[in-house]
Amino acid sequence: MLKIASTDIEPPPAVLQEGGLNCVTGLGKYKGRLIMLLDMNKLLEFSAQNTSSEAKTPAPKGEARGAAAR
């Protein structure tokens, strides 16, 4: 686990909050690196919503979805 001091964490830029996902909670600075801090709950909820809506929408002709598509 990586520990970053709260003084080395900045709020996320507005550009990363656009689009409705809002999963970036901050930007951490650690040993000269910039680390994006994510809210995994929001990210997983977004992923689950996209997966469930994708499953409900039939694939266009000639296109497969899911594991069979790989």
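Position 1 is the first residue of the sequence; numbering continues from there.
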Open item on the list: Minimum heavy-atom separation for P13 and L27, please, with both atom names.
Closed with: CD-CD1, 3.5 Å

Open item on the list: Just verifying a value: how many Å separate I9 CD1 and T25 OG1, rounded to the nearest 0.5 Å?
Closed with: 7.5 Å

Open item on the list: As an exercise, state the distance from CG of L37 to CE of M40, rounded to the nearest 0.5 Å.
Closed with: 12.0 Å

Task: Heavy-atom side-chain contact between I35 and K29 under 4.5 Å - done: no

Open item on the list: Quick check: is I4 connected to L34 through a chain of hydrophobic side chains (ILVMFWY, heavy atoms under 4.5 Å apart)?
Closed with: no

Open item on the list: Quick check: do Y30 and L2 have side-chain heavy atoms less than 4.5 Å from each other?
Closed with: yes

